[in-house]
Chemist: 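The structure under discussion is supplied below as structure tokens; questions concerning it will follow.
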Protein chains: 2
Amino acid sequence: MGGRRERLRAETTAEIKQVALKLMATGGPDAITLRAIAREMGMTANAIYGYFATRDDLVTTLINEVYTALADAVDSAWAEAAAAHPAGRIQTWARAFRDWALANPEGFRLIYGDPVPGYQAPEGGAAPDAAHRVCTGIAALADAAWPYAESLYAHSDFQWSDFDDGLLGKVRPAFPDLPPAGVALALRIWGHLHGLVSLEIYGHLHTQTINPDKLFQEELTQLVRSLGVAPET
Amino acid sequence: MGGRRERLRAETTAEIKQVALKLMATGGPDAITLRAIAREMGMTANAIYGYFATRDDLVTTLINEVYTALADAVDSAWAEAAAAHPAGRIQTWARAFRDWALANPEGFRLIYGDPVPGYQAPEGGAAPDAAHRVCTGIAALADAAWPYAESLYAHSDFQWSDFDDGLLGKVRPAFPDLPPAGVALALRIWGHLHGLVSLEIYGHLHTQTINPDKLFQEELTQLVRSLGVAPET
DNA sequence: TGAAGGAACTATACGGCGTGAAGTTTCCGT
DNA sequence: ACGGAAACTTCACGCCGTATAGTTCCTTCA
């Protein structure tokens, strides 16, 4: 075990994924075809079946990796701004989210759109896990803002049972003071940011406004304001 | 002109679109294939080229029709709630938006997602127009809320030049009292609602919360609150 | 050392896809 | 009645995922 055979195998697997990502970056998620990957690698399409049972398996793996990359990006942005005022920290996180999406539009489509004709996401896997990581990141925003915002959500009647156990398994230990209403707030913020970024990535915002940047900045300003967190300046 | 030939042609065109929509409803946007449509109609795939220059042309036409249907749905909901309090009227509109999406998830994907492998939306066409109609609908929400919300956006420095002329051509005549900051608010609300609905349609919300209904209702409650519009009850 | 076994890969094939070119039928206007 | 156009079919090409069978080569163990 751990011999040359398995090392070569791991390298080939990595190359397949890398080539697939390169194809996706240039031609969109639809460009991920076994034949194109094999062509790029000087192989036959069928050889890939030795590494991935099916094309959807490969796509699933890619989704997991890309989603993890997104989660890493926003997590590290959050960590780097640890010392900042909550308002600035929240804005840093959100900007990292949008910046990653703009830098990896195909990755964003891969994660959040219909990645490939007929692709159906499997039940388990790392993608829900990465999604939970992202949600946990937003829960961190909510947690940071909660001392300011709590009074606004006094009448919200959410219970823990309203949420997914896998998500709560990450959120509750990390933020023991955050109540169910705070998790709902986090999901809503996620939706807000996802919506604006998604519209932009898919080109729908472009037909409405000249500079989405300004709109997003306004969103962030109003976000921290609506949370009751005083802006930095 | 206006003879039997052209009537038959119009009927066939309509049947192609209808069959395509039926296929989409059952198998998703990816099921829209010329061969499947032709099979359903007892024709050859190439016969469709007499009616649509290419498959993307057909998809574009479908997008226009479906988008128009969405715009009609939310417009009529807005009109029916004309007498209601602004808070209720806004919530009625937003619920109509989400209800339409949940009732026509494939249509939503067709409009807002990657409809079909490699499809690229053309520059002009009716889709941007329908998008402007939807945005104008949200501008109506903003306009209704503006008397309450204006003070919150006093420091926003948006200008007319920040927005698309086609959109302004519809919004400014309809709502002469709405300033640029109000249009920005409308786009932000659009993004918020789109994000939550989009996450739900694509199944990402499902792995976080048990009942998206409740989350969306919370969103509406907080929306009217953040606009300063007193809730009805 | 040499044979067994399995992993890696190729060859071939099938059906489905969009699309182009050429041929055939059917109908309309003159 | 006839010329021409519109509607439609047939055939072909290259793309796709994938199943099956066959081949080559490395590793491991007796």
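Sequence lines set the chain letters: A, B, ... in the order given, protein chains first and strands last, and positions in each chain run from 1.
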Chemist: For a quick test of reading the model, state the closest non-hydrogen atom pair linking B:I32 to B:R55 and the distance between them.
Modeler: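 Heavy atoms only, the tightest pair is O-CD, 4.1 Å.
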Chemist: Measure the spacing between CG of A:L62 and CG of A:L23 and express it to the nearest 0.5 Å.
Modeler: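 Those atoms lie 10.0 Å apart.
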Chemist: B:D162 and A:T209: which non-hydrogen atoms are nearest, and at how many Å?
Modeler: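 Heavy atoms of B:D162 and A:T209 come nearest at O-OG1, 2.9 Å.
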Chemist: Rounding to an integer number of Å, can you tell me how far A:M43 CE sits from C:dA7 C1'?
Modeler: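 In whole Å, C:dA7 C1' and A:M43 CE are 13 Å from each other.
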Chemist: Rounded to whole Å, please give me the gap between CG in B:L8 and P in D:dA5.
Modeler: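 One finds 20 Å between P of D:dA5 and CG of B:L8, rounded.
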Chemist: Tell me if a side-chain donor or acceptor on A:N104 pairs with a main-chain N or O of A:A101 at a distance below 3.5 Å.
Modeler: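 The answer is no, because no donor-acceptor pair under 3.5 Å joins these two groups.
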Chemist: Tell me: CZ of A:R7 to P of C:dA8, nearest whole Å?
Modeler: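 Whole-Å distance recorded here is 14 Å.
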Chemist: Round to a whole Å and report the spacing from CE of B:M41 to P of D:dT9.
Modeler: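 The distance from CE of B:M41 to P of D:dT9 comes to 10 Å, rounded to the nearest Å.
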Chemist: Dump every N/O contact between nucleotides 13-16 of chain D and the protein below 3.5 Å, one line per pair.
Modeler:
unit_1, atom_1, unit_2, atom_2, d
D:dC16, OP1, A:T33, OG1, 3.2
D:dC16, OP1, A:R39, NH2, 3.3
D:dC16, OP2, A:R39, NH2, 2.7

Chemist: Going from NE2 on B:H192 to CD1 on A:I189, what distance comes out if it is rounded to the nearest 0.5 angstrom?
Modeler: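 So the gap between those two atoms works out to 10.0 Å.
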Chemist: Give a yes/no verdict on a cation-pi contact between B:R95 and B:F216, requiring under 6.0 Å between NZ or CZ and the six-membered ring centre and an angle within 45° of the axis.
Modeler: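 Judged by the rule (NZ or CZ under 6.0 Å from the ring centre, within 45° of its axis), B:R95 is not positioned above B:F216.
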Chemist: Considering only heavy atoms from C-beta outward, does the side chain of B:C135 approach that of B:K170 to under 4.5 Å?
Modeler: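 Contact flag for B:C135/B:K170 side chains = no.
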Chemist: Hey, what's the ring geometry for B:Y112 with A:H204, parallel, tilted or perpendicular (30° and 60° as the breaks)?
Modeler: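 Because their plane-to-plane angle is over 60°, the rings of B:Y112 and A:H204 count as perpendicular.
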Chemist: Over how many whole Å does the gap from B:D30 atom CG to C:dG18 atom P extend?
Modeler: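 Distance, rounded to whole Å: 11 Å.
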Chemist: What is the distance, to the nearest angstrom, from the CG atom on B:D57 to the C1' atom on C:dG18?
Modeler: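 Rounded to whole Å, this separation is 13 Å.
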Chemist: Whole-Å distance between C:dT19 C1' and B:L58 CG?
Modeler: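 Distance check: B:L58 CG to C:dT19 C1' gives 14 Å.
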Chemist: Can the ring centroids of A:Y202 and B:H194 be said to lie less than 6.0 angstrom from one another?
Modeler: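 Not under 6.0 Å, so no.
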Chemist: Using only side-chain N and O atoms of A:T12, determine if any of them is under 4.0 Å from OP1 or OP2 of C:dA8.
Modeler: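 Checking A:T12 against C:dA8: no side-chain N or O falls below 4.0 Å of OP1 or OP2.
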Chemist: In residues 46-53 of chain A, which ones come under 4.0 Å of DNA chain C, going by heavy atoms?
Modeler: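 Heavy-atom cutoff 4.0 Å gives A:N46, A:A47, A:Y51.
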Chemist: Once you round it to whole Å, what is the distance between C1' of D:dA7 and CD1 of B:I16?
Modeler: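 The answer, rounded to whole Å, is 11 Å.
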